[in-house]
There are 2 protein chains.
Amino acid sequence: MELSERKQKILKVIVDLYVRTAEPVGSKTIAAQPDMDYSSATIRNEMAELTNLGYLEQPHTSAGRIPSAAGYRFYIDRLMQDYRLTTDETQSINQAMELRMQEFDRAMSQVGKLISQLTNLPAYAMTAHTGGTTVKRFEILPADRGSFILVVMTTDDTVRNKLIKLPLQVTDGDLKLLSAVLNASLTELPAESFTPELIDRVTRSAGAAAGLIPIIVDFATQMLEQCSRAQVYVTGQNRLLGHPEYQDLTKAQQVLGAIDEETISNLPAKLDPKSPMQILVGPENVSRELKDTSVVVTRFDIGEGMQGMIGVVGPQRMDYAQITARLSYFAEGLGRMFSKPELPGTPAKAEENTED
Amino acid sequence: MELSERKQKILKVIVDLYVRTAEPVGSKTIAAQPDMDYSSATIRNEMAELTNLGYLEQPHTSAGRIPSAAGYRFYIDRLMQDYRLTTDETQSINQAMELRMQEFDRAMSQVGKLISQLTNLPAYAMTAHTGGTTVKRFEILPADRGSFILVVMTTDDTVRNKLIKLPLQVTDGDLKLLSAVLNASLTELPAESFTPELIDRVTRSAGAAAGLIPIIVDFATQMLEQCSRAQVYVTGQNRLLGHPEYQDLTKAQQVLGAIDEETISNLPAKLDPKSPMQILVGPENVSRELKDTSVVVTRFDIGEGMQGMIGVVGPQRMDYAQITARLSYFAEGLGRMFSKPELPGTPAKAEENTED
DNA sequence: TCTTAGCACTCACTCTCTCTGAGTGCTAAA
DNA sequence: TTTAGCACTCAGAGAGAGTGAGTGCTAAGA
């Protein structure tokens, strides 16, 4: 059954007010709203019906109404107005994005922090590699005496390096041979195919620098593994405490405990792969700890078989319109930033790495 | 004035009990302690004196006593017994350390998590580079068509790379020339000396691949900058909430707000550079938000002008003996792990990086 | 038929008051 | 010097009364 125009209007007012004040909304307050031309009694009747229909809840007999999960859902799907970012907001977001992102990883964690700050809620950011990656290319450079730099590039254009220190005297020719062997034997293979037999064969043909092989294979395996694993950053947990629904410490702890890296990294499985922006209201979250908590998440493509996800976690009562607007803006910017081919002067679509 | 043996004994019992129970300790409880051969009245007298001397505090007239900051300090400096790690503990620590640490950064964040878990307190881990770093070596490798991998190695043996995508056709010879020029002109220089004039000169002598120069310089600058900046990881903030002293949300928030990355990264300045393990009890912390909060921190060297720091933040009432024991064990292990020269099969003392 | 005014009712919250008991300080005896 | 005893203090728990925001229902008005 379709809600009457008036019921929708009342529901919307209730959600809007409740999101702002965190107090149950009474019929009188609603009647006092501008553009609300009915008496409190009429509104009371409508509210009673909305309650029967499951869109509202009453904490106790003599309190006003608050939206139920279904009420939020209806609001999100049907009533929510587009929130327009203010110039200030876009400016501060743009500024933050311009901050030189040396690494993709670090960029994501920065973004998480910023979102958390803007929304005053805990935020998370994660990257996930989608395809099966293999090594595209090995490169070995001599560094100091007895040190080598190993550079590995994978099919998803991740490049990593490692400084290897081994008391080993090898010539440039040895290294050339070694990298030729590696490139011939170990590229385009998933980590699973690095069998002992294969490694053994490679080692035998590697000549003087064969001592490097175990380290190289180890490193490549780790790297491929790591590429397939999602990376998650959670920040701003403490902001949760600012919201009245988490004044109850037990609850706050439960929720904080539930939004650690592990849990979040399992989130994507539960999401509809089609729509980029998703809102999970309270009980729609599968985990029991989050049954009074909402999750808003958006995805964006960063090319090369990689995806990014950013989102926030907060009370059901949150300003969905504002938050979705901000998240989209961010996601768009990040997507643009990281999937563009590199141009001089543009912040790179790249990540780097340290080696010690 | 030196405290009598008996006073010390009583103080120690009070700290031990209070750490365990978080309840003010009364004279009767103390008298009931095994090995305590005085009546509650005697103990009351002693407690009154200890209070006068500033080692104890009384929350209100009819409550027991709790240690003051000075009391904790005395306990830490004089009374604390060495805590012996149980086999279980060392095992779980060792296990965690064996987990393959692909990157130093990641290792530190893992360690932070583990400490937080073991101590049930928020923990932080940070790395700081101590010396002024310069670039030791540039290397440029062609990757795909129009892609190059830039590898930069600094004097502290950090190696980073970056994938550069530029629609540029260059020969191997061009790249050789380019890296020769870079190595000749930009190595052994701090980031400050990368003046426009210098860059200009380099660009002019770089030949066909000069288009890469701005990106390379940019990258090198960022990298040097980043090396000199401390990296901080804070985890387990939510564990703070489990402790009764932070049941008051305002307080919990204050403290959580105060232990973000920035604040922590300023911590080392306040520490005595000589002693590796340090405990800041309540008011000994400079920041006002932490006046009821203690910080335990330990440092360890990881060679190459780098230092690591791990620590925890918690209520004054914490089991200092246990915590310092665990931290030392960790610090020792980490120090060993990361300052050893690399051997085949050993987890590397290295860090890597991703490039996308 | 829909809307609204009016009224009795409900119930969370706040405030006050009392009671309880853990813990103290002091005194005097051992 | 130690200890038993006693009067005193005071936070915290619990009970009871008062308050007021908000409700549902009824009956009158449009």
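These numbers were taken from a predicted model, which means no experiment stands behind them. Letters A, B, ... mirror the listed sequences (proteins, then strands); counts begin at 1.
The side-chain heavy atoms of R78(A) and L3(A), taken from C-beta on, include no pair separated by under 4.5 Å. Residues R239(B) and Q117(B) form a side-chain contact, since some pair of their non-hydrogen atoms from C-beta on lies under 4.5 Å apart. Looking at V15(B) and M80(B), their side chains never come closer than 4.5 Å, going by heavy atoms from C-beta outward. With a 4.5 Å cut-off on side-chain heavy atoms, Y18(A) and P67(A) count as touching. In this structure the side chain of Q33(B) reaches within 4.5 angstrom of the side chain of L17(B), judged on heavy atoms. Side-chain contact between V313(B) and L121(B): absent, with no pair of heavy atoms (C-beta onward) separated by less than 4.5 Å. Put simply, the side chain of I14(B) reaches to within 4.5 Å of the side chain of M47(B), judged on heavy atoms.
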Scan nucleotides 11-19 of chain D nucleotide by nucleotide, 5' to 3', and note B when protein non-hydrogen atoms come under 4.0 Å of the base, S if they reach only the sugar-phosphate, - if neither.
S--------
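Using a 4.0 Å heavy-atom distance criterion, A63(A) is classed as a sugar-phosphate-only contact.
The interatomic distance linking R44(B) (CZ) with dT1(D) (P) rounds to 19 Å, in whole Å. The interatomic distance linking N45(B) (CG) with dT3(D) (C1') rounds to 10 Å, in whole Å.
Where DNA chain C meets chain A (any atom under 4.0 Å from a heavy atom), the bounding nucleotides read 5' to 3' are dT3(C) to dA12(C).
In this structure, A48(A) and S39(B) both approach DNA chain D, and ranking their closest nucleotides by distance from the 5' end singles out S39(B).
With sequence neighbours left out, Y320(A) forms a ring pair (Phe, Tyr, Trp, His ring centres under 6.0 Å) with Y72(A).
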